Structure formats: C-alpha cells, structure tokens
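Below: the structure, in structure tokens.
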Amino acid sequence: MKKCAIFIVLILSLLSSATAQQSGLDLTESSKREALKQHKANKNYRYGKRGYFGNASFTFTDFGAFLDDEGWLIDKPHYGVDIINGYSFNPYLDLGIGLGAHFQPSKDKTEQYIMLPAYLYLRYNILDRRVSPYLAAKAGWAGVVYREKSGEQVGKFNKWGGSTYTNLEVGAMVRLKDGKAINVGVGMPWYFVPLLATGISVNVGFTW
C-alpha cells in the first residue's frame with residue numbers, strides 16, 4: 001500500500017512538471033509572437049504614428065497681391081495662428097480639419113482685415129524618417145471682418161465678407177518622441193476677400 005502511494009505521488013509530480021514545462025513553452029511562444037509583431041510594427045512605423053494628431057502653427061504672409069480695376073497691388077503683410085485636429089492613417093498620410101485667425105495690421109489704419117479660414121487639411125509625409133519633407137493642401141472657406149478709413153474717420157470692424165480659401169504648402173518636419181514633431185513650411189494662399197488675394201506664407205508649427 002505504501003509503495004502504491006509513493007508511485008501515485010511520483011506520477012502526479014511528473015504530470016505537474018510536464019504541465020509546467022508546456023505552460024512555459026506556450027508563454028515563450030506567445031512572447032516570441034508578440035515580440036515579432038512589435039518588431040514589424042516598429043519597422044513599418046519607424047517614426048510616424050497611427051491615430052489622433054493636433055497641430056498649432058504661427059503663420060506670416062507677405063507680398064499680398066490684390067487684384068482690382070487698377071491691376072495688381074502689393075499690400076501689407078499679415079500674421080496669424082492655425083489649429084488643426086485630425087487623424088494620421090500611417091506615417092505618410094494625415095487628414096484633418098483646421099481653423100485659423102489671420103490679422104492684417106496697418107499703421108495708418110486705412111484698411112484692416114481679420115481673416116477666419118476653416119478648411120480641410122491634407123498632408124503627405126514623403127519619408128518615414130526622423131526628418132521628412134512633406135506636401136500639404138488646405139481647402140475651405142474664409143470668413144472676413146474688416147474696417148475702412150473715410151477721411152480722418154476710421155471705421156470699426158463691422159464689415160463682413162467671405163470667400164473660398166486654398167493654400168498649397170511644401171515643407172519639412174522633424175519628428176520627436178511620442179509622436180510629436182516640429183514643422184516649417186512655405187505656402188501660397190489664395191482667397192477672394194473682397195478681391196482676389198494671394199501671397200507667400202511661412203509657417204512654423206508643432207504637432208502632438
């Protein structure tokens with residue numbers, strides 16, 4: 001009877017050891033598969049990310065050209081900020097919605113404009129590298145509030161208008177940790193408020 005009990009204990013010990021070894025093998029295989037999956041993800045997405053992104057940028061636009069009955073006129077520069085929220089499909093393609101506020105200062109206050117563009121934003125990052133050039137496009141609508149000077153009287157910002165708005169841009173980004181990046185771009189905005197206007201814009205932005 002004693003020998004039988006010892007035999008049963010031995011059998012149970014062997015079965016327990018085999019089960020533990022099998023569990024260890026399963027855990028090892030699962031770890032290997034997870035490591036391989038992560039390696040592939042890191043290989044395919046070296047610096048980019050998939051998911052939400054936000055971008056805030058400061059914009060300076062100069063050489064604004066207005067077309068009226070007298071021809072092309074060079075106007076004053078203006079400054080602005082833009083906020084974009086969107087989705088990164090992969091390290092190369094970003095799609096979002098942007099809002100901006102661009103102000104045209106004037107020392108003599110002859111005419112001043114505040115442009116409020118709302119647009120779709122599309123950016124193509126050419127490389128999945130830490131530093132990558134990119135191409136971007138904005139297309140939407142720009143609301144405008146402005147004031148005019150009549151004689152010595154300067155009006156209030158109470159005149160309203162609006163137009164289509166587009167901006168084609170080329171630039172470069174430097175990707176940082178945790179999906180963040182710094183971008184610098186040069187673009188050519190087009191809007192019709194109240195006349196055809198264009199210029200050269202430079203923007204510096206931060207993406208998170």
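If you're wondering where the values come from, they're calculated on a predicted model, not measured in any experiment. Hydrogens, waters and symmetry mates play no part in the numbers below; they use all other heavy atoms, side chains included.
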*Trp190 and Trp141: same hydrophobic cluster, using ILVMFWY side-chain contacts below 4.5 Å?*
no
*When hydrophobic residues are tied together by side-chain contacts of less than 4.5 Å, even through go-betweens, does Met188 share a cluster with Val186?*
yes
_pair Phe103-Met115: side-chain heavy atoms closer than 4.5 Å_ = no
*Do Tyr52 and Phe206 share a hydrophobic cluster, counting only Ile, Leu, Val, Met, Phe, Trp and Tyr and linking them when any side-chain heavy atoms are less than 4.5 Å apart?*
yes
*Step by step, would you call Thr61 with Thr59 a side chain to side chain contact (heavy atoms under 4.5 Å, CB included)?*
CA-CA 7 Å; Thr61 304; Thr59 301; 3.8 Å; yes
_To check you understand the geometry: which heavy-atom pair defines the closest contact between Ser201 and Pro189, and what is its length?_
OG-CD, 3.8 Å
_To check you understand the geometry: which heavy-atom pair defines the closest contact between Trp208 and Ala56, and what is its length?_
CZ3-N, 3.5 Å
*Are any non-hydrogen side-chain atoms of Ile114 and Val144 less than 4.5 angstrom apart?*
no
*asked:* Is it true that Tyr79 and Gln104 share a donor-acceptor pair across their side chains at a distance under 3.5 Å?
replied: no
*Please state whether the rings of His102 and His78 are parallel, tilted or perpendicular, taking 30° and 60° as the class boundaries.*
parallel
*Is there side-chain contact between Thr166 and Leu168, with heavy atoms separated by less than 4.5 Å?*
no
*Is it true that Phe89 and Leu122 fall in one hydrophobic cluster, defined by side-chain heavy atoms closer than 4.5 Å?*
yes
*asked:* I'd like to check Val81 versus Ile83 (side-chain heavy atoms, cut-off strictly below 4.5 Å). Are they in contact?
replied: no
*Have a look at Tyr119 and tell me which of Asp82, Thr164, Asn167 forms a side-chain hydrogen bond (donor to acceptor under 3.5 Å, both in side chains) with it.*
Asp82
Cut-off 3.5 Å, no hydrogens considered: what does the side-chain donor-acceptor table look like for residues 172-181, sequence neighbours left out?
residue	atom	partner	partner atom	Å
Arg175	NH1	Leu127	O	3.0
Arg175	NH1	Arg129	O	2.8
Arg175	NH2	Pro91	O	2.7

*Report yes or no: do Tyr87 and Asp94 form a side-chain donor-acceptor pair below 3.5 Å?*
no
*What residues, two or more places apart in sequence or in another chain, satisfy ring-ring contact (aromatic ring centres under 6.0 Å, His included) together with Phe58?*
none
*Under 3.5 Å: donor-acceptor pair, side chain of Asn90, backbone of Leu93*: yes
*asked:* As an exercise, state the distance from OG1 of Thr207 to CZ of Phe53, rounded to the nearest 0.5 Å.
replied: 7.0 Å
_Could you report the tightest heavy-atom contact between Ser132 and Ile126, atom names first, then the distance?_
OG-N, 3.4 Å
*asked:* Using the rule side-chain contact (heavy atoms from CB on, under 4.5 Å), only one of Leu95, Leu135, Asn183 pairs with Arg123; which is it?
replied: Asn183
*Of all the heavy-atom pairs spanning Leu99 and Ala118, show the shortest one and how long it is.*
CD2-CB, 3.6 Å
